[in-house]
Amino acid sequence: MNALAPRLDAARAEAPVGTPGGAPAVSLAAQVAADFPILTRRVRDKRLVYLDNAATTHKPEAVIEAERAFYRESNANIHRGVHWLSQHATDLYEGARERVQRFLNAARSEEIVFTRGTTEAINLVAWSWGRANLKPGDEILVTGMEHHSNIVPWQLVCEQTGAVLKAVPLTDRGELEPGAFEAMLGPRTRLAAIVHVSNALGTVNPVAAMIERAHAAGALVLVDGAQAVAHQAVDVQALGCDFYAFSGHKLYGPTGIGALYARHELLAAMPPWQGGGDMIRTVSFEGSTWADPPARFEAGTPNIAGGVGLAAAIDYVTGIGLPRIAAHEHALLEYATEAALRIPGLRLIGTAPGKTGILSFMVEGIHPHDLGTILDAEGVAIRAGHHCAMPVMTRFGIPGTARASLAIYNDERDIDALMAAIRGAQRMFGTGARP
């Protein structure tokens, strides 16, 4: 049985019904395409086929307008001003924090720390919690499919604290080796830092079960949710994680804004990691005391407009419905996978049955960078390289992959254009293509 067939059935169940009079149903992509102004742009005099959504998603008009309206009507610095405009801007920013809280189902808004994105959120935990709690011989457990931002911060902290970084190995399908995560948890494991969805493979990890097992071993758990929050509902209380990080720009929101969820008792015990304005309670030349979380971790003027834009992006996504988005993307992933398997010489990298909308592949005889350049000439935008996941490429013995990643505005036309461009590249290189 095709492993993705149940998801295709779910997609059909979630698909919009036909219009009265028997007209065919309109796809989700067709319904939302007009919301994204950039999709009307032509690239090299061709229709833009944007399949680089794991790197960043495009922004709907609602998000663009939210940021523009802030600067036109509400711009002021927040928290410290006594005038009306400052208080109004503060209300918008703190309202955005509450919107993130509801989106993740955190217990309270004070558990949400605004950051520049997932990378900064993980660094915050590493430098604040890690330096304060890790000792020589302590262990941090990651997986073999992590993005560099969930590897390098821990390496830096290990150098300072004497802790040890360990990685759970992968199977040939791009899943965690069965039983390896549990076997590698031990009495010295202090933290498991695990990716929810792999950006290089599309693999969806069983994070709820992993969190439960890590807690049973006495370890805390950080989840990198950068590739998850735009594709499925996330409930941090149901997961039971201690930290959860995500980026706004992968959620149809602005760049330079993201969030860290952390259990309040952990934040309250963590020292600041940056010093400056608004993160203090008192300051003297003899010493300073710290504000309560989350202000303790938000030194300086934040990305206020970005927070407002992120709230608008969350409203946009939840208005469509994450179950409906997931069903659309899973059906499109199956369509893309079946189309890719019909191309001779194309090798899929990452074939786990539990995947989200990422198709990583190699084409025999064509370097991924060359393939990306050729596809760009046809207006098809993909990502080519190691995707900031070099250990994944080392595991599979390859220099990198070509990666097509899906979003709500993609449809079968985009996949057909991708496959046609790949076959064109094969003809150009004289490899693999059939007449």
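Few gaps surround CZ on Arg80; more than 12 heavy atoms of other groups in view lie less than 6.0 Å from it. No more than 12 heavy-atom neighbours from other residues, nucleotides or ligands sit within 6.0 angstrom of CE on Met390. Around CZ of Arg99, the count of heavy atoms belonging to other residues, nucleotides or ligands within 6.0 Å exceeds 12. Within a 6.0 Å sphere centred on CZ of Arg41, heavy atoms belonging to other residues, nucleotides or ligands number 12 at most. Atom CD of Gln87 sits in a crowded spot, with more than 12 heavy atoms from other residues, nucleotides or ligands closer than 6.0 Å.
Here the side chain of Glu120 pairs a donor or acceptor atom with the backbone of Arg116 at under 3.5 angstrom. A donor-acceptor contact shorter than 3.5 Å is absent between the side chain of Lys59 and the backbone of Phe36. Here the side chain of Asn410 pairs a donor or acceptor atom with the backbone of Ala407 at under 3.5 angstrom. Of the possible donor and acceptor atoms, none in the side chain of Thr203 sits under 3.5 Å from a partner among the backbone N and O of Ser198. With hydrogens and angles ignored, the 3.5 Å screen pairs no side-chain donor or acceptor of Ser128 with any backbone N or O of Trp273. For Lys250 (side chain) and Ala54 (main-chain N/O), a donor-acceptor pair under 3.5 Å exists by modelled atom type. Here the side chain of Tyr252 pairs a donor or acceptor atom with the backbone of Ile408 at under 3.5 angstrom. Between the side chain of Glu298 and the backbone N or O of Phe114, at least one donor-acceptor pair lies under 3.5 Å. Remark: the backbone N or O of Ala299 is not paired with any side-chain donor or acceptor of Asp278 at under 3.5 angstrom. Between the side chain of Ser360 and the main chain of Arg403, no donor-acceptor pair closer than 3.5 Å is present.
Taking CZ from Arg190 and CG from Leu141, the interatomic distance works out to 13.0 Å, rounded to the nearest 0.5 Å. We find the NZ-CG distance between Lys46 and Asp376 to be 11.0 Å, quoted to the nearest 0.5 Å.
Taking all atoms of both residues into account, the shortest heavy-atom contact from Leu170 to Glu177 is O-OE2, 3.4 Å. Closest approach of Ile358 to Asn199, counting heavy atoms only: CD1-O, 3.5 Å. Taking all atoms of both residues into account, the shortest heavy-atom contact from Gly253 to Val63 is CA-CG1, 4.2 Å. Closest approach of Ala402 and Pro368 over heavy atoms only: N-CB, 3.9 Å. Taking every heavy atom of both residues into account, Val229 and Leu251 meet most closely at O-CD1, 3.6 Å. Contact record, Leu332 with Ile415: CD1-CG1, 3.8 Å, taken as the closest heavy-atom pair.
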Chi angles and distances behind the side-chain hydrogen bond (donor to acceptor under 3.5 Å, both in side chains) call for Asp35, Tyr409 = CA-CA 9 Å; Asp35 296 340; Tyr409 39 69; over 6 Å; no
task = Take Asp138 and Thr161 through the test side-chain contact (heavy atoms from CB on, under 4.5 Å) and record every step on the way to the result.
result = CA-CA 9 Å; Asp138 286 348; Thr161 64; over 6 Å; no
task = Apply side-chain hydrogen bond (donor to acceptor under 3.5 Å, both in side chains) to the pair Tyr335 and Asp416, showing each step before the final yes or no.
result = CA-CA 10 Å; Tyr335 183 87; Asp416 294 343; 2.7 Å; yes
query = Stepwise, does the side-chain contact (heavy atoms from CB on, under 4.5 Å) test hold for Thr356 with Leu333?
reply = CA-CA 8 Å; Thr356 192; Leu333 176 63; 5.9 Å; no
Working for salt bridge (charged side-chain N to carboxylate O under 4.0 Å, His left out), residues Asp172 and Arg395 = CA-CA 9 Å; Asp172 290 342; Arg395 164 62 180 81; 2.6 Å; yes
inquiry  = What verdict does the side-chain contact (heavy atoms from CB on, under 4.5 Å) test give for Leu375 and Leu418, after you've listed the backbone C-alpha separation in whole Å, the side-chain angles of each residue and the deciding distance to 0.1 Å?
reply    = CA-CA 8 Å; Leu375 267 57; Leu418 169 66; 3.5 Å; yes
task = Any chance you could lay out the salt bridge (charged side-chain N to carboxylate O under 4.0 Å, His left out) test for Glu111 and Arg108, step after step, and finish with the verdict?
result = CA-CA 6 Å; Glu111 294 180 321; Arg108 51 197 292 189; 5.7 Å; no
query = Does the pair Thr401 and His387 meet the rule for a side-chain hydrogen bond (donor to acceptor under 3.5 Å, both in side chains), with working shown?
reply = CA-CA 8 Å; Thr401 68; His387 317 302; 2.7 Å; yes
task = Decide yes or no on side-chain contact (heavy atoms from CB on, under 4.5 Å) for Asp242 and Tyr261, but give the supporting numbers first.
result = CA-CA 8 Å; Asp242 302 289; Tyr261 157 80; over 6 Å; no
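Looking at Ile314 and Val317, their side chains never come closer than 4.5 Å, going by heavy atoms from C-beta outward. At least one side-chain heavy atom of Arg423 sits less than 4.5 Å from a side-chain heavy atom of Ile343. Proximity of Phe103 to Thr318: side-chain heavy atoms (C-beta onward) are separated by under 4.5 Å at one or more points.
Under the salt bridge (Lys or Arg N to Asp or Glu O under 4.0 Å) criterion, Glu98 pairs with no residue at all, not counting sequence neighbours. A search for side chain to side chain donor-acceptor pair (under 3.5 Å) contacts involving His148 returns nothing, not counting sequence neighbours.
The aromatic rings of His88 and Trp84 sit parallel, their planes meeting at an angle under 30°, below the 60° perpendicular limit.
No donor-acceptor contact under 3.5 angstrom links the side chains of Tyr50 and Asp414, judged on distance only. Side-chain contact check for Gln227 and His196: no donor-acceptor pair (N or O, by modelled atom type) lies under 3.5 Å. Side-chain N/O atoms of Glu334 and Thr337 include no donor and acceptor closer than 3.5 Å. With 3.5 Å as the limit, one finds no donor-acceptor pair spanning the side chains of His249 and Thr57.
Taking a cutoff of 4.0 Å between a charged side-chain nitrogen and a carboxylate oxygen, Arg97 and Glu94 qualify as a salt bridge. Between Arg42 and Asp45 there is a salt bridge, since at least one side-chain N of the basic residue sits less than 4.0 Å from a carboxylate O of the acidic one.
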Under 3.5 Å, which donor-acceptor pairs do the side chains of residues 300-308 form with other protein atoms, sequence neighbours left out?
| from | atom 1 | to | atom 2 | distance (Å) |
| --- | --- | --- | --- | --- |
| Thr301 | OG1 | Asn77 | ND2 | 2.9 |
| Asn303 | OD1 | Gly306 | N | 2.8 |
| Asn303 | ND2 | Gly256 | O | 3.1 |

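Each of Thr118, Asp224, Ile194 was checked for a side chain to side chain contact (heavy atoms under 4.5 Å, CB included) with Asn150, and the lone residue meeting it is Asp224.
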